[in-house]
Amino acid sequence: MTIYTRICFTAVAALLATSCATTPETWSNELQWRDSYWTEISQLCGQTLYGKMVSNEAVDADMAGRPMRMTVASCSDTEIRIPFHVGPLQVGGKWDTSRTWVLRKTAKGIQLKHDHRHEDGTPDAVTNYGGESVRGAYCATAASAGTIDFPVDAESIANFRANGLDKSVTNVWSIGVKGDGCPRSVSDDGPKFEYILKRTGENSRYFKVEFY
């Protein structure tokens, strides 16, 4: 083996060793962000936060001005359930308690699902929709710090199409939580929790609720 060959072999071996060493580290860091985000939401367990819709699209006119609340009702190492209730415009009116956000920890990140039920507790035809977090998106930029996006998954697309909701097949949901795991760009008096539904293109959509 010539000196040149030995140098090349050594360089390639070193490169492969570096690649093998950094891959687990990169994956570990992504899981650390997931776990940090999970911890931040878990710290709200048992708390009820009150908020309001801050977007103003015509399609959501019936929610304008309504009181809203969310309760981080149950927390475990693998699942967090957050009932989301929409209040009446009139004092003493009935609250809509049909929606629950369900977060589940996965091997790659976090899954968001919407548990939508009728007043008698039976599942709505459109339920269990959502998606899994985009791998590596946690704390990606200062503007989205503390926020994770959940693009619509295949199960949800099939459900939407089966129920005539073709416009929803490009949905992306986002949940932001204010904590120490990611550097925040908002002020200390900003919302503790944000829920967003968005989509772009000809069926563009934007719905946002902030809780304090």
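Every heavy atom of this structure was used, including side-chain atoms; hydrogens, water molecules and symmetry mates were not.
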Can you name the salt bridge (charged side-chain N to carboxylate O under 4.0 Å, His left out) partners of Glu119, sequence neighbours left out?
-> Lys94

Should we count NZ of Lys192 as having more than 12 external heavy atoms under 6.0 Å?
-> no

Validation: residues 50-59 side-chain donor-acceptor distances under 3.5 Å, sequence neighbours left out:
residue: Ser55; atom: OG; partner: Lys208; partner atom: N; Å: 3.0
residue: Glu57; atom: OE1; partner: Tyr206; partner atom: N; Å: 3.4
residue: Glu57; atom: OE2; partner: Tyr206; partner atom: N; Å: 3.0

So CZ of Phe207 and CE of Met63: to nearest 0.5 Å the spacing works out to 5.0 Å

Are Asp153 and Lys113 close enough for a salt bridge, meaning some N to O gap below 4.0 Å?
-> yes

With sequence neighbours excluded, tell me which residues meet salt bridge (charged side-chain N to carboxylate O under 4.0 Å, His left out) with Glu79.
-> Arg81, Arg104

Point-to-point distance, once rounded to the nearest 0.5 Å, from CD1 of Ile80 to CG of Leu44 = 9.0 Å

Go through Arg205 and Asp60 one step at a time and tell me if the salt bridge (Lys or Arg N to Asp or Glu O under 4.0 Å) criterion holds.
-> CA-CA 10 Å; Arg205 181 87 163 81; Asp60 299 314; 2.8 Å; yes

For the residue pair Phe160 and Tyr129, does the interplanar ring angle fall in the parallel (under 30°), tilted (30 to 60°) or perpendicular (over 60°) class?
-> tilted

Quiz: residues 167-176 side-chain donor-acceptor pairs under 3.5 angstrom, not counting sequence neighbours:
residue: Asn171; atom: OD1; partner: Arg199; partner atom: NH1; Å: 2.7
residue: Ser174; atom: OG; partner: Asp149; partner atom: OD1; Å: 2.5
residue: Ser174; atom: OG; partner: Lys198; partner atom: NZ; Å: 3.4

Per side chain to side chain donor-acceptor pair (under 3.5 Å), Asn128 is matched among Glu155, His116, His114 by Glu155

How long is the span from the CZ atom in Arg34 to the OG1 atom in Thr106, to the nearest 0.5 Å?
-> 6.5 Å

Residues passing the side-chain hydrogen bond (donor to acceptor under 3.5 Å, both in side chains) test with Arg69, sequence neighbours excluded, are His85

Qualifying disulfide (SG to SG under 2.5 Å) pairs, either residue in residues 57-120, two or more places apart = Cys45-Cys75

Transitively linked via ILVMFWY side-chain contacts under 4.5 Å: Phe150 with Val102?
-> no

